[in-house]
Amino acid sequence: MNEYWEKLSLKIDKEVGMKQIYLDNASTTPVFPEVIESISKSLESDYGNPSSLHRLGIESEKRINETIEGISETLHTSSEQVIFTSGGTEANNMAIIGLALDRHRRGKHLITSEIEHPSVLRAFEFLEDQSYDVTYLPVNNDGLISLDSLKEALRDNTILVSIMHVNNEIGSVQPIEDMGRIIKNANRNTAFHVDAVQSFGKLDLYPREWHIDLLSASGHKIHGPKGVGFLYKKRAVRIKPILFGGDQQDGLRSGTENIGGIVGLGRAIEINNQMRKKRPDHLYKLKELLLEQLKGHLPQAVFNGDVASTAGHIINISFPGLQGEVLLHALEQEGVYVGTGSACSSRDKKSSHVQKAIGIDDRRAQGSIRISTSYMTEETHIKAFVPILEKTISRIERFVRR
């Protein structure tokens, strides 16, 4: 068990008197203890406004630049622009709406997919109300977009393509590099935005080589604090601000910067990168173990999407005839935490738009749960989880048969 999880586990045991198995990391991750420490220290010492000209302001600005350096290193790029936001939702809205507003005279055609995060889909719905024309690309049963369908959808007046890298519900990984090449070969002036909230810090990202103009990420998916994220932007790409005020961050995101959150994000990136270098195959090994355990203990489980090619940290399975929400709460009673879909819309009783898009019927969709791991998840957690899941399902089925 690594030192980060050990510290957190001891804290949990002391506070709630039980151990827990946390497998809902696609919705949010536990914060590294070192990140908590760095935020606390920053709140105490980095209280200068980074817009101020005195020493305290300059020190706060320095902390911002240190995090930018960590982001640039992770993205294998430099000299581009990083705009700090309140998280992935704001970064997605800023990229999509800001770009569309800036380029409305060039064209009003936009492209996205049917399985994007709600923060992307709602942004496009807003733009449709502003007379923009949006093409929603379909996906196959594995949640993948056809490259041919992307080629066919591109037009001379297409100003933006926005595609997520890793789907937050089923873990499908889009061929972003190929998509970037197709987009720029068709029209080098078409901007390419990638929602990398689920892939930043877990998969390699090369915005420059992959022709990515805008990229969104969020701190709380990599053991950082909630309420902070960023938008990577090529300097040559212009967007209109959607917040107005004191012209911070080159006028693109007004408001005094969240120094403590930004420092915490920077520390989370640093630790996450260290753990990834130390154990580069950790998430995929956990996935292999989980698949092996599930197939051995629960052969009735139905996997949603092509689990062989999904990202290492997300597996979506269904138990037809069971309610995913009932199973989630039954597992909670055992100290096990999983998800049922996008945490941003999980309270909505409607079936998942992602599962509908990949052809899953309502019965199967309603019996689905999402299991998601992180670098703080260990093999012992997986080995303990599956027998608990098996026992819990058996108990629910006995109750249903009554």
Side-chain angles (χ1 to χ4, degrees), residues 26-27 85 87-100 109-130 132-147 149-150 153-154 158-176 178-180 182-183 190-200 202-203 205 210 212-218 221 229 231-232 239 242 304-305 310-311 314 316 339-346 348 350-360 365 370 372:
S27 62
T85 67
T89 291
E90 184 187 345
N92 284 336
N93 275 257
M94 179 184 293
I96 294 164
I97 297 173
L99 190 287
H109 181 236
L110 314 165
I111 298 174
T112 190
S113 86
E114 294 179 348
I115 62 167
E116 299 299 311
H117 188 271
S119 64
V120 168
L121 294 176
R122 300 296 90 79
F124 279 106
E125 289 174 4
F126 166 78
L127 289 170
E128 284 183 295
D129 289 339
Q130 311 304 311
Y132 286 82
D133 180 15
V134 182
T135 296
Y136 295 90
L137 298 175
V139 295
N140 63 17
N141 292 340
D142 297 326
L144 296 175
I145 299 165
S146 161
L147 294 178
S149 70
L150 173 60
L154 289 163
T158 303
I159 57 173
L160 173 67
V161 177
S162 177
I163 303 293
M164 69 179 356
H165 190 192
V166 172
N167 184 266
N168 56 298
E169 292 192 34
I170 60 173
S172 55
V173 183
Q174 302 299 339
I176 295 298
D178 293 335
M179 290 178 167
I182 288 169
I183 293 165
T190 299
F192 187 26
H193 167 247
V194 173
D195 175 353
V197 168
Q198 289 293 344
S199 61
F200 180 77
K202 300 179 183 73
L203 300 179
L205 289 162
W210 294 359
I212 297 172
D213 298 295
L214 300 148
L215 180 145
S216 306
S218 184
K221 307 296 186 180
L231 175 66
Y232 158 93
I239 61 174
I242 58 175
N304 300 319
T310 56
I314 297 175
N316 194 298
T340 57
S342 172
C344 300
S345 57
S346 59
D348 191 340
K350 297 178 182 177
S351 294
S352 158
H353 70 284
V354 173
Q355 297 199 28
K356 279 187 176 181
I358 64 174
I360 293 177
R370 180 187 62 188
S372 50

Test side-chain contact (heavy atoms from CB on, under 4.5 Å) on Phe126 and Ile97; report intermediate values, then the result. CA-CA 9 Å; Phe126 166 78; Ile97 297 173; 3.9 Å; yes
Donor-acceptor contact below 3.5 Å, side chain Ser216 vs main chain Asp195: no
Arg370 side-chain N/O to Asn168 backbone N/O, donor-acceptor pair under 3.5 Å: yes
Minimal non-hydrogen separation, [X] against [Y], with atom names:
| X | Y | value |
| --- | --- | --- |
| Ser372 | Ile314 | CB-CG1, 4.2 Å |
| Gly305 | Asp142 | C-OD1, 3.9 Å |
| Leu137 | Ser149 | CD2-O, 3.8 Å |
| Val197 | Gly88 | CG2-CA, 4.0 Å |
| Gln355 | Ala365 | OE1-CA, 3.2 Å |
| Leu121 | Ser113 | CD2-O, 3.6 Å |

Could you check Thr158 against Leu110 for side-chain contact (heavy atoms from CB on, under 4.5 Å), going step by step and ending with a plain yes or no? CA-CA 6 Å; Thr158 303; Leu110 314 165; over 6 Å; no
Using the side-chain hydrogen bond (donor to acceptor under 3.5 Å, both in side chains) criterion, which residues pair with Thr85? Sequence neighbours excluded. none
I'd like to check the side-chain hydrogen bond (donor to acceptor under 3.5 Å, both in side chains) partners of Gln174; sequence neighbours left out, ordered by chain and number. none
Please examine the side chains of [Y] and [X], heavy atoms only from C-beta on, and report whether any two atoms are closer than 4.5 Å.
| X | Y | result |
| --- | --- | --- |
| Met164 | Gln198 | no |
| Thr112 | Val161 | no |
| Met179 | Ile163 | yes |
| Leu203 | Val173 | yes |
| Lys356 | His353 | no |
| Lys202 | Lys221 | yes |
| Ile239 | Leu231 | yes |
| Ile358 | Val139 | yes |

To the nearest 0.5 Å, what is the distance between [atom1] on [X] and [atom2] on [Y]?
| X | Y | atom1 | atom2 | result |
| --- | --- | --- | --- | --- |
| Tyr132 | Leu127 | OH | CG | 6.0 Å |
| Phe192 | Ile212 | CZ | CD1 | 6.0 Å |
| Glu90 | Ile242 | CD | CD1 | 6.0 Å |
| Asn167 | Ile115 | CG | CD1 | 4.5 Å |
| Ile111 | Tyr136 | CD1 | OH | 12.0 Å |
| Ile96 | Leu214 | CD1 | CG | 9.5 Å |

Please determine which of Thr310, Asn304, Thr340 meets the side-chain hydrogen bond (donor to acceptor under 3.5 Å, both in side chains) test together with Asn316. Asn304
Please report the C-alpha distance between Phe124 and Leu160 in whole Å, then the side-chain angles of each, then the deciding distance to 0.1 Å, and finally whether the side-chain contact (heavy atoms from CB on, under 4.5 Å) criterion is met. CA-CA 11 Å; Phe124 279 106; Leu160 173 67; 4.3 Å; yes
Do you see a donor-acceptor pair shorter than 3.5 Å between the side chains of Asn92 and Ser119? yes
Going by atom types only, do Ser352 and Glu169 share a side-chain donor-acceptor pair under 3.5 Å? yes
Would Thr190 and Ile159 count as a side-chain contact (heavy atoms from CB on, under 4.5 Å) if you check the C-alpha gap in whole Å, the side-chain angles of each, and the deciding distance to 0.1 Å? CA-CA 5 Å; Thr190 299; Ile159 57 173; over 6 Å; no
Applying side-chain contact (heavy atoms from CB on, under 4.5 Å) to Asp133 and not counting sequence neighbours gives His109, Arg155
